[in-house]
Asks: 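I have a structure here, written as structure tokens, and I will follow up with some questions on it.
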Protein chains: 2
Amino acid sequence: MQRGTFELMKSVNKSIILNKIRTSAPISRAQIAKETKLTPPTVSSIVKELIEQEIVRESSLGESKGGRKPTMLLINSDAFYVIGVDAGPENVACVLADLSGKIYERNSSRLELPITNEQFIEILKGNIHKLLQSLTTIKDKIIGIGVAMHGVVDVEEGTSLIAPNLNLRNIPIKAELEQEFNLVVNVENDARAMALGESWFGGHGEVDSMVAVNIGRGVGSGVVVNGKLYHGAQDIAGEFGHMTVDINGPECSCGNRGCLQAFVSGSAIVKKAKTNIQSAPDSLTGEEIYKSAHAGDGAYIEILEYTGQIIGIGLTNLIHLINPEKIVLGGGVMKSEKFILPFIKQTIDQMALTPEAKLTEVTVTSLGDDATLLGAVSLLLVELFDPVI
Amino acid sequence: MQRGTFELMKSVNKSIILNKIRTSAPISRAQIAKETKLTPPTVSSIVKELIEQEIVRESSLGESKGGRKPTMLLINSDAFYVIGVDAGPENVACVLADLSGKIYERNSSRLELPITNEQFIEILKGNIHKLLQSLTTIKDKIIGIGVAMHGVVDVEEGTSLIAPNLNLRNIPIKAELEQEFNLVVNVENDARAMALGESWFGGHGEVDSMVAVNIGRGVGSGVVVNGKLYHGAQDIAGEFGHMTVDINGPECSCGNRGCLQAFVSGSAIVKKAKTNIQSAPDSLTGEEIYKSAHAGDGAYIEILEYTGQIIGIGLTNLIHLINPEKIVLGGGVMKSEKFILPFIKQTIDQMALTPEAKLTEVTVTSLGDDATLLGAVSLLLVELFDPVI
DNA sequence: CCCAATTTAGTTAAATTAATTAAGTTGGTA
DNA sequence: TACCAACTTAATTAATTTAACTAAATTGGG
């Protein structure tokens, strides 16, 4: 229960101004005041603080509109840096990025199974150390580490509760990394991190609600409402992949029948292709399906189109429940966007109940393979840009 | 974008104190200060205002804990009254209630089809006038009218966009009633109103997220997060009834296949019973199914149990997406709670992915047939108790 | 072309709001 | 009487707002 204090009042306004600058830079103090309804002195005093903190800087003068020229403000992107980690089921990728999401350095390691908690942590530490060594000059400008971890995560504790493909449990990521690097560490589920990253770096402007869905090895999702991740009562919201869409459908790894994931995950698609297409080799991969479809093989195209339809059904269910402003899709399966996306849209258009639901904007992430990594980065930016206590 | 102002600061604290009194009355100023972390002078000054506004009153002195006896505070329930309207597809029910949800007067009218917008509005006006006449002494203590309307509602405008069973569109409920009675009028979808009512009057304490599901003629739902209704980007969140759970399932009135509603709405259950049970009469009603099951007829019991399983699947999907703290069920179908609820719980327990999801509390509304009416009442109480601007 | 009027940008200082801190007062128990 | 909890009052503080100001540009009339 957040009390009404002076601190709250100020942090709310600080956050409003900072986000206005972030989404509308370059922008003048006067323009901020006009758009946010804050008074000019309030804007000036908070901007002054932000400049002192080096989060914001003045740039050139803007064009006059019949009076004194405005001083334009920008986020001082390279004043601070953040380390982002994407800890997937197969590899760990790390980046060093600035406040604008620009990546300066990166590396990654494959995870060899079997693996222990200690080995996993060691790989994380090793890769982060490598990043730090490569750019020693900015070492003291790094404000923290964001980790996007697959599986179920306890955000408060910063531990990975269940990491399915690695077959690990209770990895104290936050504790270990904070001790090693003496930096703030935030850990979050990968799909949720991707959702946050998309809302920060996806160029969506000031969107009020957005869902990001990652379709790859598994199917995960994250919900962003008013710029913040929605976690649910017990931190487990967004398990979109195990939504039942067919009570008599194929068996899923979770034991239930007809989960979305049992239809549209990478392995589910490969399985379906092998079953339906006689000529399919036993070693068939998702990438090969995409290539065959691209080469014009009708049988493979059909598989992908069917995948699009099922995803469309799942998304229609999601739209009817959550009614987000936008849905952004990412993950390996969406590499076949060309074949899948039109069928997703068509299905939503057919099934949605109301005109509003039909109009929900569905796109593929513009951040490509870095969507989750930038999500990891954004896990820390939230602390800097949304200092609502 | 809500600015940080003194008004915000104060209204936040006012709301915190008011809700603390509401959920923990009788409670002393000192106790409020302790539990909310607000300072004693802040609590005293706000309480003073609330007493002047007659929303709160002092009651007896409490027990001393080694010092001066505390003055206990209560919501001054009968200082203000609210009119609640449940405008369903078949009838319109109205109540006059106080701030504690106690109902003082009620009436209802059946809706005869076909009906026009004007006739519908006239019935609403007539019933509300009747309520007002019966208790003229408190007329000037009425603060407003809350309308829980079935179908799709535009909350901002207070119009019913689509009223399916009445076959009406664009009914300007708010505008008409405000003009007629010169009172604040809030209009909301019925399932959402029920959700809000449940969170206010259901005795759940300070629950942070809750979903209410109404299963009757149709299947609707409302989501309450942090004491507020979640509307979604275009006011259409919560269309739980048209969640696809079986892509090859029975056809639904919306045109899609396998919507939850096509399995578990009152008419869907009757239809299934008629198909499955040879001896079922053509005139079979939902009530008769309940009675037969209650009398021990295995065939009917099975129908209800199956209904419970399908609802369970739908709720599992909902839990995985939204992860609410509690789920409350209402509506005509839930009259057969005895047969349905155990199977809902069993299904969730079987299908839920994580231990947390399995533990989601699922109950039937304790408010009975008045759940939606009290929801309509709560539509106005929010304005009084949550004056966050 | 010059200069006064106007417009826009931003700052400063006083007024205001409402919380907090510190120091009572009240009314009880042991 | 000592002490303690439950308030209240007065002074302090933080932060916004109002109003008045400085700064710098455009506009348009003579």
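Order of the sequence lines sets the chain letters (A, B, ...), proteins ahead of strands, with each chain counted from 1.
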Asks: Restricting to side chain to side chain contact (heavy atoms under 4.5 Å, CB included), what partner residues turn up for A/Thr23, sequence neighbours left out?
Replies: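 Partners of A/Thr23 under the side chain to side chain contact (heavy atoms under 4.5 Å, CB included) test: A/Glu206.
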Asks: Where along residues 49-57 of chain A does a heavy atom fall under 4.0 Å from DNA chain C?
Replies: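 The stretch gives none, as no residue of it lies under 4.0 Å from the strand.
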Asks: Any salt bridge between B/Arg29 and B/Glu58, counting N to O under 4.0 Å?
Replies: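 A salt bridge is present here (some side-chain N lies under 4.0 Å from a carboxylate O).
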Asks: Kindly write out the residues that satisfy salt bridge (charged side-chain N to carboxylate O under 4.0 Å, His left out) with B/Glu180, not counting sequence neighbours, or none if the list is empty.
Replies: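 Checked B/Glu180 against salt bridge (charged side-chain N to carboxylate O under 4.0 Å, His left out); matches are B/Lys125.
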Asks: Pairs in or reaching into residues 45-83 of chain B: which pass ring pair (Phe, Tyr, Trp, His ring centres under 6.0 Å), with residues at least two apart or in two chains?
Replies: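 Every pair satisfying ring pair (Phe, Tyr, Trp, His ring centres under 6.0 Å) with a residue in residues 45-83 of chain B: B/Tyr81-B/Tyr104.
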Asks: What is the distance, to the nearest angstrom, from the CG atom on B/Leu8 to the P atom on D/dA15?
Replies: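 After rounding, the reported distance stands at 14 Å.
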Asks: What residue pairs, at least two apart or across chains, pass side-chain hydrogen bond (donor to acceptor under 3.5 Å, both in side chains) with a residue in residues 63-72 of chain A?
Replies: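 Those involving residues 63-72 of chain A do not exist here.
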Asks: What heavy-atom pair brings A/Ala195 and A/Met210 nearest, and what distance separates the two atoms?
Replies: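 Shortest heavy-atom separation between A/Ala195 and A/Met210 comes out as O-CE, 3.4 Å.
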Asks: Run the salt bridge (Lys or Arg N to Asp or Glu O under 4.0 Å) check on A/Glu198 and A/Lys326 step by step: do they pass?
Replies: CA-CA 11 Å; A/Glu198 192 63 43; A/Lys326 294 189 180 188; over 6 Å; no
Asks: Could you pull out every donor-acceptor pair under 3.5 Å between side chains of residues 32-44 of chain B and any protein atom, sequence neighbours left out?
Replies:
unit_1	atom_1	unit_2	atom_2	d
B/Glu35	OE1	B/Lys20	NZ	2.9
B/Glu35	OE2	B/Gln31	NE2	3.0
B/Thr36	OG1	B/Ile32	O	2.7
B/Thr36	OG1	B/Leu38	N	3.3
B/Thr39	OG1	B/Thr42	OG1	2.9
B/Ser44	OG	B/Pro40	O	3.4

Asks: Distance check needed: D/dT8 C1' versus B/Ile46 CD1, whole Å only.
Replies: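 It works out to 16 Å between those atoms.
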Asks: List for me each residue that meets ring pair (Phe, Tyr, Trp, His ring centres under 6.0 Å) alongside B/Phe181, sequence neighbours excluded, and say none if there are none.
Replies: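 Counting only residues at least two positions away or on another chain, B/Phe181 forms a ring pair (Phe, Tyr, Trp, His ring centres under 6.0 Å) with B/His129.
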Asks: Scan nucleotides 21-30 of chain D nucleotide by nucleotide, 5' to 3', and note B when protein non-hydrogen atoms come under 4.0 Å of the base, S if they reach only the sugar-phosphate, - if neither.
Replies: --BBBS----
Asks: Give the first and the last nucleotide of DNA chain C, reading 5' to 3', that has any atom under 4.0 Å from a heavy atom of chain B.
Replies: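 For DNA chain C, the relevant span reads C/dT17 to C/dT29.
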Asks: Which residues satisfy the side-chain hydrogen bond (donor to acceptor under 3.5 Å, both in side chains) test with B/His231, sequence neighbours excluded?
Replies: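 With sequence neighbours excluded, B/His231 shows a side-chain hydrogen bond (donor to acceptor under 3.5 Å, both in side chains) to B/Glu188, given in chain and number order.
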Asks: Return whichever of A/Pro70 or B/Lys10 has its heavy-atom-nearest nucleotide of DNA chain C closer to the 5' end.
Replies: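 Nearer the 5' end of the strand: A/Pro70.
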Asks: Does the side chain of A/Asn13 get closer than 4.0 angstrom to OP1 or OP2 of D/dA15 through an N or O atom?
Replies: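 No, outside the criterion.
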Asks: What distance separates B/Asp98 CG from B/Ser77 OG, expressed to the nearest 0.5 Å?
Replies: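 Reported to 0.5 Å precision, the distance equals 5.0 Å.
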Asks: At a heavy-atom distance below 4.0 Å, what parts of residues 26-44 of chain A sit against DNA chain C?
Replies: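 DNA chain C contact set from residues 26-44 of chain A: A/Ser28, A/Arg29, A/Ala30, A/Lys34, A/Pro40, A/Pro41, A/Ser44.
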Asks: In whole Å, what is the span from the CE atom of B/Met72 to the P atom of D/dA5?
Replies: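 So the two atoms are 16 Å apart, to the nearest Å.
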Asks: Which residues satisfy the side chain to side chain contact (heavy atoms under 4.5 Å, CB included) test with A/Glu157, sequence neighbours excluded?
Replies: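 Checked A/Glu157 against side chain to side chain contact (heavy atoms under 4.5 Å, CB included); matches are A/Asp154, A/Thr159.
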Asks: Without swapping roles, check the side chain of A/Asn189 against the backbone of A/Val153 for a donor-acceptor pair under 3.5 Å.
Replies: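 Between the backbone of A/Val153 and the side chain of A/Asn189 there is no qualifying donor-acceptor contact (under 3.5 Å).
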